[in-house]
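Data block below; observations after.
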There are 2 protein chains.
Amino acid sequence: MNAQVGNWDDLRLFLAVARSGTLSGAARALGVNHSTVFRRIGAFEDGLGVRLFERLPNGYLLTPAGEEMQAGALRVEDEIAGLSRMVTGQDLRLSGTVRVTTIDMLAFGLLPRHLASFRKAYPGIEIELVVGNATLSLSRREADVALRVGNEPPESLVGRRAGRLVFAVYGSADYYDSHIGPDLAQHDWIGFDAEHAALVRRFTSFLPGVTPALRANSVAAALAAAKAGLGLAPLPCGIADLEPDLARVAPLPDDFTLDLWLLTHEDLRRTARIRALLDFLADALLKEAPLLEGRLGGDGAEIISAP
Amino acid sequence: MNAQVGNWDDLRLFLAVARSGTLSGAARALGVNHSTVFRRIGAFEDGLGVRLFERLPNGYLLTPAGEEMQAGALRVEDEIAGLSRMVTGQDLRLSGTVRVTTIDMLAFGLLPRHLASFRKAYPGIEIELVVGNATLSLSRREADVALRVGNEPPESLVGRRAGRLVFAVYGSADYYDSHIGPDLAQHDWIGFDAEHAALVRRFTSFLPGVTPALRANSVAAALAAAKAGLGLAPLPCGIADLEPDLARVAPLPDDFTLDLWLLTHEDLRRTARIRALLDFLADALLKEAPLLEGRLGGDGAEIISAP
DNA sequence: AGCTGCCCTTGCATAATTGCACAGGATAAC
DNA sequence: GTTATCCTGTGCAATTATGCAAGGGCAGCT
């Protein structure tokens with residue numbers, strides 16, 4: 001008879017197109033050629049005898065039938081992701097790959113030396129680092145471990161608060177030499193965009209009425225802008241203190257901090273290699289608390305003291 | 001990272017092996033070569049890094065991990081079957097294939113001429129007839145329509161009672177000419193096996209203490225045995241009256257009947273081609289009620305009258 | 001208006017998957 | 001004990017799926 005999902009894997013490609021809205025976007029997400037996605041979707045629709053997407057010049061749009069298909073396909077995906085987690089969760093080998101996701105400032109400024117140490121300690125475990133400021137899904141196994149900043153973790157994940165990032169004001173020597181005095185409000189500022197709501201709020205509390213001249217969408221970008229002499233920036237001490245081109249200009253209020261979270265999915269917490277990485281990083285980050293909390297580059301050394 | 005279900009279609013093959021217990025059985029069920037199943041299962045396990053089956057000389061046995069995988073894969077299968085039904089349920093074309101399942105006595109003795117008429121009426125619809133006495137799953141789309149006998153349909157199906165098969169005692173002319181008298185209890189009998197519980201009960205009520213010399217596992221087999229002169233058999237009039245080699249020997253009690261059911265899955269009842277077939281068969285079977293209820297070959301014409 | 005970058009679609013070559021044929025082992029039936 | 005039938009497993013050829021390269025369309029930018 002007709003209209004059977006003959007190849008269940010077609011649903012995986014269908015979902016990717018549904019999510020991205022384009023064949024090309026789906027192909028990138030899936031790691032295949034866009035012509036492959038084109039043919040697979042076409043064959044899938046032919047086999048079902050139904051149109052799942054409307055073809056537009058700039059992409060593919062779900063039809064009503066496609067929307068119903070998507071709802072079911074998402075349930076299939078959840079189920080299969082659960083199976084993958086179940087299998088991985090029982091894996092007691094200290095080998096294989098762990099995919100870690102984090103934001104760029106941690107990826108460049110904090111993690112590499114710890115991951116290098118981890119690799120020395122566990123040569124059988126490979127690390128795949130996925131850097132990006134989009135929050136990847138651990139439920140869908142887009143990553144196994146996440147190192148995130150924020151003030152509470154998502155509900156479905158398990159993990160621990162692994163440290164606290166204390167922020168201070170930094171600027172480059174070049175910037176400071178050519179700009180006026182100790183009144184912070186009179187300086188140029190590098191701030192953050194609306195996606196960093198916690199940082200925006202704290203900055204506005206700290207310097208009401210000051211509008212940053214540049215708003216970055218990531219802390220790493222802000223740090224780079226500060227190094228380039230574009231202004232002063234509130235930056236985490238654990239990262240900025242390691243930059244020879246930056247100087248700590250002033251402290252920030254005690255609440256100008258972000259918590260650091262080490263997270264995984266509940267089903268994966270007993271996977272040996274994931275357990276090993278989480279334990280290792282937790283210990284390493286604990287030992288780095290003085291740096292993270294700004295107590296090394298420290299108190300009393302700022303160009304401008306706390307008022 | 002490891003242990004992801006990379007190709008969701010692997011689950012479909014996995015389930016087939018889990019069900020049948022052998023590569024060869026799964027291959028037959030799936031319509032592929034057994035070597036394909038062998039390689040797909042091997043690759044699936046390698047990709048997951050876990051053994052799902054224990055290899056035995058006579059087949060494949062699920063490991064504990066395999067059993068957990070099976071539980072989830074069954075949920076995936078249900079979901080995908082629901083998607084297939086959803087798509088098919090919306091199909092308004094009077095074309096395509098309808099898979100019909102029924103038991104052998106109906107397949108050989110009743111359906112063919114009606115299916116021939118249906119095909120003439122709807123040349124765009126193809127019929128696939130699956131004959132067997134195993135009850136196929138309409139939920140899993142093993143068939144679209146079932147013509148079954150029994151006294152109530154399974155809960156999850158929808159359908160209608162399409163007629164009633166009245167039974168009578170039949171024997172071949174050869175048998176009767178060479179066997180003694182009007183006492184039915186003194187004859188050789190062809191009965192049914194334990195899977196035909198309703199018929200066994202009725203027969204025992206009818207002739208207590210008579211043990212059939214031959215027990216058939218299908219009514220078609222019983223009919224063939226009766227034609228071969230092996231004894232008397234309780235057979236449905238709608239089928240046996242059409243056999244020139246069989247004569248109705250005696251009536252049976254009024255409750256020696258089976259209901260005829262036309263069934264489909266709830267989600268498929270609005271599929272145009274399935275709707276068309278159900279309506280057509282219901283009408284055809286209604287018109288055949290005189291034959292099915294034994295009123296054509298009938299009353300008063302038996303060699304031995306009802307006591 | 002022209003250019004750039006994104007998109008979809010298609011023909012051909014390559015890679016991967018599948019089927020075929022065969023071999024060997026185990027079990028059941030005779 | 002022998003034979004038949006089932007099973008799994010493997011090498012090679014055939015088939016199918018995929019990637020590559022190219023072309024065309026469209027929207028946005030200069």
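Scope of the values below: all heavy atoms of this structure, side chains included, with no hydrogens, waters or symmetry mates. So you know, we letter chains A, B, ... as the sequences are listed, proteins then strands, and number each from 1.
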Result for salt bridge (Lys or Arg N to Asp or Glu O under 4.0 Å) between A:Glu45 and one of A:Arg39, A:Arg40, A:Arg51 points to A:Arg51

Provide, to the nearest angstrom, the distance between the CG atom belonging to B:Leu30 and the P atom belonging to C:dT18.
11 Å

Spell out, as yes or no, whether a donor-acceptor pair under 3.5 Å connects the side chain of A:Arg148 to the backbone of A:Thr101.
no

Could you verify whether a donor N or O on one side chain and an acceptor N or O on the other, from A:Asp174 and A:Ser172, lie under 3.5 Å apart?
no

Rounded off to whole Å, could you give me the CD1-to-P distance for the B:Ile41 and C:dT18 pair?
12 Å

Take nucleotides 12-30 of chain D nucleotide by nucleotide from the 5' end and write B, S or -, depending on whether a protein heavy atom sits under 4.0 Å from the base, only from the sugar-phosphate, or from neither.
B-----BBB-----S----

Atom CZ of B:Phe38 and atom P of D:dG11: how far apart are they, to the nearest Å?
10 Å

In whole angstrom, give the distance that lies between atom CG of B:Leu56 and atom P of D:dC7.
14 Å

Donor-acceptor contact present, side-chain A:Arg55 to main-chain A:Phe53, <3.5 Å:
yes

With a 4.0 Å heavy-atom cut-off, tell me which residues in residues 8-28 of chain A come close to DNA chain C, sorted by residue number.
A:Thr22, A:Leu23, A:Ser24, A:Arg28

What class does the angle between the rings of B:Phe44 and B:Phe14 fall in, given that below 30° is parallel, 30 to 60° is tilted and above 60° is perpendicular?
perpendicular

I need the minimum non-hydrogen distance between A:Leu15 and A:Gln70, along with the two atoms involved.
CD2-CG, 4.0 Å

Does B:Arg119, at its CZ atom, have more than 12 non-hydrogen atoms belonging to other residues, nucleotides or ligands within less than 6.0 Å?
yes

Hey, what do you get for CD1 (B:Ile274) to OG1 (B:Thr264), rounding to the nearest 0.5 Å?
5.0 Å

